[in-house]
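Before any comments, here is the structure.
These values consider heavy atoms only, across backbone and side chains, with no hydrogens, waters or symmetry-generated copies.
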Amino acid sequence: MKNASTNTQRILFLHPNFPAQFRHLATALGQNSHYQVVFGTNRQEGTIPGVFKAIYEPSRQAAAATHHYVRNLENAVITGQAVYRMAEQLKAQGFVPDIIYGHSGWGPTLFMKEIFPKAELLCFFEWFYHARGSDADFDPTEPLNADDQCRIRVKNAPILIDLYNCDRGLAPTNWQRQQFPPEYHSKITVCHDGIDTNFFKPNPGAKLVLPRINLDLSHVEELVTYVGRGMEPYRGFPQFMEAVALIQQRRPHTHIVVVGEDRVAYGKTLPDGKTYKQLMLEKLDLDLSRLHFTGGLPYHEYLQVLQASSAHIYLTYPFVLSWSMLEAMAAGCLLIASHTPPVLEVIKDGKNGLLVDFFSPQEIARRIDEALDNSADMLSIRTKARKTIIQNYDLETLLPQHLNWLLGKKTAVRTHGFAK
């Protein structure tokens, strides 16, 4: 760890993943000699110049005998203890943070006020759980029982501790802030992480060729794309696949590209151990020669998928808004998205995207047809989609604002490569 001068401000980031939502903040501060930056994480992989990584490792998982309502809390406490031990080592090395900024919910921030009582504690508040009115009761075919409702209530315990303990908090969208108890709204600022519109930008006429995975779609005129961390109901994967079956029946030259891993990132797995990809491939009659699963992709290949897209599908429960939707818009994609609250904060139907009923594969397919049959008329929607991101979600604008909030400053903070 580099030594800091007496006027250096010390920043401690805490997140089980690295660098996750703190990528741009940590990168900007790591480049600035006025700040000493440490990133506490559970992830061994990855580095950021000027940022010292401190690894914490929880001693165990919640015990099987623990009541299932409180396993999430027990895991958070165990994580909090691991981070406390990591913080003790940092303190012994002379690092005492002025500001701690951590992701709430998994537990890394729980005990920071105990070891660093003079530090300002900031929390990134991504989601507050509700049994009614958001994600948990969204699907009418999956009704909640009393056990579910009580478990969801208790799941907020570590987040509530952070809401009470923190000095300030931040949520990335208004929709996500609204999930938190109103009595804590005064603590929570809304500021999105920001989209790098210099990287995510259109490339008119682009064709998709990814030699690394032996995918050459340079001959394809109609390309429908879908992106997710996993393949799950929370992001509308089953409905999307049913729409694909309909599109393939009536558009013999349309190809589909699905980016993401064959796993569940959010929500429940299937009880029989199958993945949702396996389930849908068994259930539907699909032309696999025109359906391409790429797995996870590095950013430069993912960008090429977006740039070559004729229509991009984004479906979500009333839940956390994905970066991928905003990145697709920045890349000039024609977005076909679910008429759900996180999307409605960004999209106006027919203006900067097309909206569909989440539960209607028929409507999703119909709007794909509309998009592909009227590609010239859709150019203005693509243009307005990118304009929306530049105006409201551009990293170049939001990163200085995010840094100002983090550092408690009212004057501009210069960031290498981002400040205008």
Short question: side chain of [X], backbone of [Y] - any donor-acceptor pair under 3.5 Å?
| X | Y | value |
| --- | --- | --- |
| Q21 | D193 | no |
| K207 | A308 | no |
| N32 | A28 | no |
| N352 | K384 | no |
| K53 | R43 | yes |
| H130 | R132 | no |
| H185 | R177 | yes |
| N42 | Y56 | yes |
| W175 | F319 | yes |
| S338 | T316 | yes |

Counting C-beta onward and ignoring hydrogens, is there a side-chain heavy-atom pair between [X] and [Y] closer than 4.5 Å?
| X | Y | result |
| --- | --- | --- |
| T254 | I256 | yes |
| E126 | S104 | no |
| R212 | L297 | yes |
| L210 | Q304 | yes |
| M86 | E57 | no |
| V38 | I11 | no |
| T397 | Q401 | yes |
| L279 | Y276 | yes |

Can you check side-chain contact (heavy atoms from CB on, under 4.5 Å) on Y393 and V346, steps first, answer last? CA-CA 10 Å; Y393 299 94; V346 184; 3.3 Å; yes
Establish, yes or no, whether a centroid distance under 6.0 Å links the rings of [X] and [Y].
| X | Y | value |
| --- | --- | --- |
| H219 | H255 | yes |
| F180 | F128 | yes |
| W405 | Y101 | yes |

What verdict does the side chain to side chain donor-acceptor pair (under 3.5 Å) test give for H15 and T41, after you've listed the backbone C-alpha separation in whole Å, the side-chain angles of each residue and the deciding distance to 0.1 Å? CA-CA 5 Å; H15 201 301; T41 182; over 6 Å; no
With side-chain contact (heavy atoms from CB on, under 4.5 Å) as the test, would you mind laying out the steps for T340 and L344 before giving the verdict? CA-CA 6 Å; T340 46; L344 294 176; over 6 Å; no
Regarding [X] and [Y], is there a side-chain donor-to-acceptor distance under 3.5 Å anywhere?
| X | Y | value |
| --- | --- | --- |
| D135 | Y234 | yes |
| D147 | H68 | yes |
| T66 | E74 | yes |
| E327 | S324 | no |
| N174 | E345 | yes |
| S322 | R235 | yes |
| N198 | E396 | yes |

What distance separates [X] [atom1] from [Y] [atom2], expressed to the nearest 0.5 Å?
| X | Y | atom1 | atom2 | value |
| --- | --- | --- | --- | --- |
| T109 | I159 | OG1 | CD1 | 10.0 Å |
| L29 | H24 | CG | NE2 | 13.0 Å |
| N156 | Q179 | CG | CD | 10.5 Å |
| L291 | I247 | CG | CD1 | 13.0 Å |
| S309 | H312 | OG | NE2 | 6.5 Å |

Validation: residues 263-272 side-chain donor-acceptor distances under 3.5 Å, sequence neighbours left out:
{"unit_1": "R263", "atom_1": "NE", "unit_2": "E261", "atom_2": "OE1", "d": "2.6"}
{"unit_1": "Y266", "atom_1": "OH", "unit_2": "R229", "atom_2": "NH1", "d": "2.8"}
{"unit_1": "D272", "atom_1": "OD1", "unit_2": "K274", "atom_2": "N", "d": "3.0"}

Picking from F124, F22, F18, what satisfies ring pair (Phe, Tyr, Trp, His ring centres under 6.0 Å) with H103?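 Looking at F124, F22, F18, the match for H103 under the ring pair (Phe, Tyr, Trp, His ring centres under 6.0 Å) is F124.
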Pair listing, side-chain hydrogen bond (donor to acceptor under 3.5 Å, both in side chains) test, anchored in residues 240-249, at least two apart: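 Passing the test, one end in residues 240-249: E242-K283.
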If the test is side chain to side chain contact (heavy atoms under 4.5 Å, CB included), which one of I364, I313, D357 qualifies with Q239?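 Of the listed options, the one satisfying the test is I364.
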Which pairs with one or both residues in residues 134-172 pass ring-ring contact (aromatic ring centres under 6.0 Å, His included), sequence neighbours excluded?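 Those involving residues 134-172 are F138-Y317, F138-F358, F138-F359.
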Please report the C-alpha distance between Y314 and L321 in whole Å, then the side-chain angles of each, then the deciding distance to 0.1 Å, and finally whether the side-chain contact (heavy atoms from CB on, under 4.5 Å) criterion is met. CA-CA 10 Å; Y314 177 75; L321 183 68; 4.1 Å; yes
Residues that K113 engages under salt bridge (Lys or Arg N to Asp or Glu O under 4.0 Å), provided they are two or more places apart: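 Listed in chain order: D167.
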Please list, chain by chain and in numerical order, all residues satisfying salt bridge (Lys or Arg N to Asp or Glu O under 4.0 Å) with D148, sequence neighbours excluded.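 Partners of D148 by the salt bridge (Lys or Arg N to Asp or Glu O under 4.0 Å) criterion, ordered by chain and then number, come out as R151.
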For atom [atom1] of [X], is the number of surrounding heavy atoms from other residues, nucleotides or ligands below 6.0 Å larger than 12?
| X | atom1 | result |
| --- | --- | --- |
| R85 | CZ | yes |
| N145 | CG | yes |
| Q149 | CD | yes |

P361 and A243: which non-hydrogen atoms are nearest, and at how many Å?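 Scanning both residues completely, I find the closest heavy atoms to be O-CB, 3.6 Å.
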Shortest non-hydrogen contact between I100 and M112, atoms and distance: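 Minimum heavy-atom contact is CD1-CB, 3.8 Å.
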Output, in order, the C-alpha distance, side-chain angles, deciding distance and verdict of ring pair (Phe, Tyr, Trp, His ring centres under 6.0 Å) for F52 and F39. CA-CA 6 Å; F52 178 83; F39 200 123; over 10 Å; no
Run the salt bridge (Lys or Arg N to Asp or Glu O under 4.0 Å) test on D287 and R290 for me, step by step, so that the C-alpha distance in whole Å, both residues' side-chain angles and the decisive distance to 0.1 Å come before the verdict. CA-CA 6 Å; D287 179 357; R290 294 188 288 130; 2.8 Å; yes
Check this for me: does any side-chain nitrogen of one of R251 and E221 sit under 4.0 Å from a carboxylate oxygen of the other?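 Between E221 and R251 there is no salt bridge, as every charged N stays at least 4.0 Å from the carboxylate O atoms.
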Parallel, tilted or perpendicular, judged at 30° and 60°: which one describes the rings of F237 and F240?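 It falls in the tilted class, 30° to 60°.
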For H292 and L217, what are the C-alpha separation, side-chain angles and deciding distance, and is it a side-chain contact (heavy atoms from CB on, under 4.5 Å)? CA-CA 10 Å; H292 313 278; L217 300 182; 3.6 Å; yes
Please table the atom pairs, donor to acceptor, closer than 3.5 Å between any side-chain atom in residues 329-337 and protein atoms at least two apart or in another chain.
none

